[in-house]
2 protein chains.
Amino acid sequence: MVSKTCEYAIRAMLFVAQKSKSKTKVGVKQIAKAIDSPEPFIAKILQDLGKKGLVLSAKGPTGGFYLDNAGLKKSLADIVNAIDGDKLFTGCGLGLKSCSAKMPCPVHDEFVVVRKQIKAMMQNAKLGDYNTSLELGEKYLKR
Amino acid sequence: MVSKTCEYAIRAMLFVAQKSKSKTKVGVKQIAKAIDSPEPFIAKILQDLGKKGLVLSAKGPTGGFYLDNAGLKKSLADIVNAIDGDKLFTGCGLGLKSCSAKMPCPVHDEFVVVRKQIKAMMQNAKLGDYNTSLELGEKYLKR
DNA sequence: AAAGTAGAAGAGTTTAAACTCTTTTATTAC
DNA sequence: GTAATAAAAGAGTTTAAACTCTTCTACTTT
């Protein structure tokens, strides 16, 4: 559905979101541990997301990654778009370049419906929405 | 959503299905041309599908791949399952191994809904269902 | 039976995603 | 201002998916 890179990105961002609620910045090491991912790899991903304005960071001691209130309102769709592009939301289900309403692949209509639902679901899911359930230990970011 | 291999597989099978309606067997060369895919690669894929009982084949002159009536009733879900496995239908949206109702990732519930829809859509889409629209040139398998 | 066609099988190459390592630069605490 | 800390940046490696090539085997037509 989404790339592995994107999966790591979402999990990392959900963790950063959780910590940002209490104004805490988190380092790469802490994030990697929390989501069980290769440390240098998640560093790369977060740098990329930082460049694209989806996460804030501070260097030096007490530094780390964090989100402001605007950042907490970003959606999963924003992350997916930043990492994987909009292929998931708009691409053809059978990989055809020119697939469209005018020149549809056999399953075009069916896929349009499903893709719309995926997009809506991901646009509706905001990074800040999961803080409480993560805090309560009802939801997990690793294993 | 599905692997490129799987996209080729579905397109090839839809083409074979179309030709099988008129009891015609089609060779790899013809299939590759019809769906615009690398010929040796689609050969591999079809061999694999043949081994798994999803397509029939005959060697020698006038040979090729074809489907019987049972084969025409196979669904896209069957193809996806044979090539990509059931990851798309049952895997975790964030890549967690142990994600389940008991130990859910943050987006578990949302993904369960969407996956169910994808599965239903693909189970409902049978290989033989598209013969007429392909014949009429309303739907396309390449470009 | 011979010739030609077509799939089967296995090994091999290419490419892109996934992941790692090293060096640099910025910031803060002391 | 110095030392420690943490992210930024770039280059490099590994792995798996995507794709290719060659040889073999089976079948059908003449």
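Below, chains carry the letters A, B, ... as their sequence lines are ordered, and counting in each starts from 1.
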Taking atom P of D:dA8 as reference, at what distance in whole Å does atom NZ of A:K52 sit? 14 Å
List, by chain and number, the other hydrophobic cluster members for A:V112, where Ile, Leu, Val, Met, Phe, Trp and Tyr join if side-chain heavy atoms come within less than 4.5 Å, directly or indirectly. none
Does a side-chain N or O of A:K29 approach OP1 or OP2 of D:dA7 to a distance below 4.0 Å, or not? no
My understanding is that only residues two or more places apart in sequence, or in another chain, count here; which of them pass salt bridge (Lys or Arg N to Asp or Glu O under 4.0 Å) with B:D36? B:R143
Euclidean distance, atom CZ of residue B:F41 to atom C1' of C:dA8 [Å, nearest integer]: 17 Å
Short side-chain N/O contact from B:S57 to OP1 or OP2 of C:dG7, under 4.0 Å: no
Linking I/L/V/M/F/W/Y whenever any side-chain heavy atoms sit under 4.5 Å apart, do A:L54 and A:L56 land together? no
Whole-Å distance between C:dT20 P and A:I45 CD1? 11 Å
Given A:D48, which partner from the list A:K52, A:K44, A:K51 fulfils the salt bridge (Lys or Arg N to Asp or Glu O under 4.0 Å) test? A:K52
What pairs of donor and acceptor atoms, side-chain ones from residues 89-96 of chain B against any protein atom, are under 3.5 angstrom apart with sequence neighbours left out?
residue: B:T90; atom: OG1; partner: B:D86; partner atom: O; Å: 3.0

To the nearest Å, give me how far apart CE (A:M1) and P (C:dA17) are. 19 Å
Taking only residues two or more places apart in sequence or in another chain, which ones pass ring pair (Phe, Tyr, Trp, His ring centres under 6.0 Å) with A:F65? none
Residue whose closest nucleotide on DNA chain C lies nearer the 5' end, B:L46 versus A:S3: B:L46
So, does B:K4 get its side chain near the phosphate of C:dA16, meaning an N or O under 4.0 Å from OP1 or OP2? no
Without decimals, in angstroms, what is the distance between A:K19 NZ and D:dA6 P? 15 Å
Considering only heavy atoms, which members of residues 59-66 of chain A lie under 4.0 Å from some atom of DNA chain D? A:K59, A:G60, A:P61, A:G64, A:F65
Base, sugar-phosphate, or nothing: which does A:A58 touch, judged by heavy atoms less than 4.0 Å apart? sugar-phosphate
Would you tell me if any nitrogen or oxygen in the side chain of B:Y8 comes within less than 4.0 Å of OP1 or OP2 on D:dA18? no
Applying salt bridge (Lys or Arg N to Asp or Glu O under 4.0 Å), can you list everything that pairs with B:K29, at least two apart in sequence or on another chain? none
Between C1' on D:dT22 and NZ on B:K44, what's the gap in Å once rounded to a whole number? 11 Å
Quickly work out the A:K51 NZ to D:dA8 P distance and round it to whole Å. 9 Å
Please determine, for the side chain of A:Q47, which listed nucleotide (D:dT20, C:dC19, D:dA8) has the closest atom? D:dA8
May I ask you to say what A:V26 touches in the nucleic acid, namely base, sugar-phosphate or nothing, with a heavy-atom cut-off under 4.0 Å? sugar-phosphate
Round to a whole Å and report the spacing from CD1 of A:I42 to P of D:dA6. 17 Å
